[in-house]
Chemist: 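After the structure tokens below, expect a handful of questions from me.
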Amino acid sequence: MSMIATPKENAQLLEKSAVLGRSLWDDALARLMKNKAAVISMYVLGALVILALFGPLVWVHKYDEIFDDMVLVGPSLKNMFIFGGDPQGRDLFIRLLYGLRVSLAVGIVATFVSLTIGVLWGATAGYIGGKVDQIMMRIVDILYALPFIFFVIILMVVFGRNIILIFVAIGAVEWLTMARIVRGQTLSLRKKEFIEAAQAAGLSTFQIITRHIVPNLLGPVVVYVTLTIPAVILTESFLSFLGLGVQEPLTSLGNLISNGAREMEIAPWLLFFPAITMMITLFCLNFIGDGLRDAIDPKDR
Amino acid sequence: MLSFALKRLLVAIPTMFIIIAMAFFLMRLAPGSPFDSERAMSPEIRQLVMQHYGLDKPLTVQFFEYLKGLFVFDLGPSLIYKNQNVSDIIGNGFPVSITIGLLALSLAIFIGVPLGLIAALNQNKIQDYSVMAVAMAGICIPTFVTGPLLALFFGVKLGWLPTAGLDLGEMTFETLLLPVVTLALPQIAIISRLVRSSTIEVLSSNFIRTARAKGLPDSIVLVKHALRASLLPLVSYLGPACAGLITGSVVIENVFQLPGIGRNFVTSALQRDYPVVMAVVILYASLIIILNLIADIIYGMLDPKVTYE
């Protein structure tokens, strides 16, 4: 074989090194996989999600089914009430699964709402800059000063306790920090060459924001999203705890905890199981979020 | 700096206006009225009652009348509790809420800061891991879980402390202990994490290396050089902390049945007691704005890099 590589060999070499090379994301993934707490959390959370999704399909009771002889009966194998019965004689286990479903759904949908608003707002402000940026971020500052939880409470009272509204209201509250993070990132991105290239190619501002800016914001946004989900779940539970969340016979973790707290002196399991479930869920989400942050943004370690 | 403070106060005025307007019109758009829950009134009486409170006028007129009242600190009458002014209701509830809030904030700072420092000074050692584990628990477990659990354990099982009941007596150490601790727990967690990460960052910066190179002992490096810089993020966290405490106090007052304004707020919103709801929102919004302003000013005094243009 001659010392000088033919173009074909060159191409093969390139291909090989491309396979061997590790992208930023591979690196981040490898770091994440080394984080034991995050990996265990992913398994536990995965199990909880599967349980919440498919458990109700196979479990022996329905969430609103009433057993007159199971009122406030502790956890027992009688009638398969493994987590006991509530004051109406319903199976706590199946209600817990439904509560988990609602809480996770709120977490995902409301986070998505906050993500959409926050990313678009922040990217627009950061990219356009100048007066527009000033005004848009001033609005964010003003909104930051609002006692938002009170507005959510007013909203819930005003428009009735509609689950869609819960999603939107919480999402609309949580987008501010996202907008700030995204704006900061965009400010540093917009001076980069590839943005200049896109401008030279004649793309519209909207196209540049959606196609070139937003995809490059992925890292910090992913991290913040994983930390927003537990925050949103907490907010929903907070509303449910005050009796302003989802309504009976449907339930959420916050509802179950609030009902459990009422009966805790005679039926402690009604508080114990929902509280533990909620804690495990939040622990997992926070560990995954922390792990992701360390993996994607290693300078913080 | 004075001009900075004035400028910020000027910005606060439109902010307050927006808050007042949002709260006012949102409440009024709501279906239902404060007089729904009572025995059915005849239309004539209802008309008279509405007229008495000025609720029959157009909304914008009501809004400006409300604003006019605000300027002379007239918050109007309660629509539900007869013979009570909103000022009385707030005046009764606010001392309870503010006492609990301030105590919880002090507790959070006095416990959270040392915890964060211990963790930072022993980075990646057992002390660090245990503090961070506790902090994670504090962040993950919401107050409406810790509250009932603490009440169950210390109140019901051990019988050491009353589970509820400022309603019955005065504010004493025993009645305040559980609510304050519960309210402080998440803030302790957040503050200790904040202090830990900022201390680690400061300790690895150049001016600390210089101080060490001069031969200063560790304790002086920490107290005289590092501490000021590492506590800066804590100052800017005071605003959000206050908002967090206010949110928490709504839960705490419900769990422990304390007669604060957080509990009033939810019941008033449900009963459409407009003036009470408005007053609570305005009070809390101004609290948050003022605290943010104070935090910014303190921040500027501590951080030589900040200039008020």
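Just so we're on the same page: letters track the sequence lines, and every chain starts at 1.
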Chemist: Any heavy-atom pair between the side chains of B:R193 and A:D290 that's under 4.5 Å?
Modeler: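 Side chain of A:D290 against side chain of B:R193, heavy atoms only: contact under 4.5 Å found.
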
Chemist: Let me know if A:F238 has heavy atoms under 4.5 Å from chain B in its side chain, its backbone, both or neither.
Modeler: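 Both the backbone and the side chain of A:F238 come within 4.5 Å of chain B.
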
Chemist: Hey, mind stepping through A:M278 and B:I141 against side-chain contact (heavy atoms from CB on, under 4.5 Å) and telling me if it holds?
Modeler: CA-CA 8 Å; A:M278 168 135 218; B:I141 309 175; over 6 Å; no

Chemist: Quick one: pull up CG in A:L271 and CG in B:L149 and give me the separation to the nearest 0.5 Å.
Modeler: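 Atom-to-atom, A:L271:CG and B:L149:CG are 5.0 Å apart.
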
Chemist: Quick check: are there more than 12 heavy atoms from other residues, nucleotides or ligands sitting under 6.0 Å from CD1 of B:I126?
Modeler: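 Atom CD1 in B:I126 is not crowded, with 12 or fewer foreign heavy atoms closer than 6.0 Å.
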
Chemist: Heavy-atom distances under 4.5 Å only: say whether B:F144 touches chain A with side chain, backbone, both or neither.
Modeler: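 Contact with chain A is through both the backbone and side chain of B:F144.
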
Chemist: Taking side chain as everything from C-beta outward and backbone as N, CA, C, O, which of these in A:F283 sits under 4.5 Å from a heavy atom of chain B? Side chain, backbone, both or neither.
Modeler: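 Both backbone and side chain of A:F283 come within 4.5 Å of chain B.
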
Chemist: Determine the option with the most heavy-atom pairs under 4.5 angstrom with chain A, choosing from B:T143, B:L287, B:N124, B:V250.
Modeler: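 Option with the greatest count: B:V250.
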
Chemist: Given the options A:L234, A:T281, A:L285, which has more heavy-atom pairs under 4.5 Å with chain B than any of the others?
Modeler: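 Highest number of pairs under 4.5 Å: A:L234.
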
Chemist: Return the option, out of A:A261, A:S237, A:P268, with the maximum number of heavy-atom pairs under 4.5 Å with chain B.
Modeler: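 The option with the most such pairs is A:S237.
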
Chemist: Would you check, one step at a time, whether the test side-chain contact (heavy atoms from CB on, under 4.5 Å) holds for A:L282 with B:M136?
Modeler: CA-CA 10 Å; A:L282 293 177; B:M136 189 56 124; over 6 Å; no

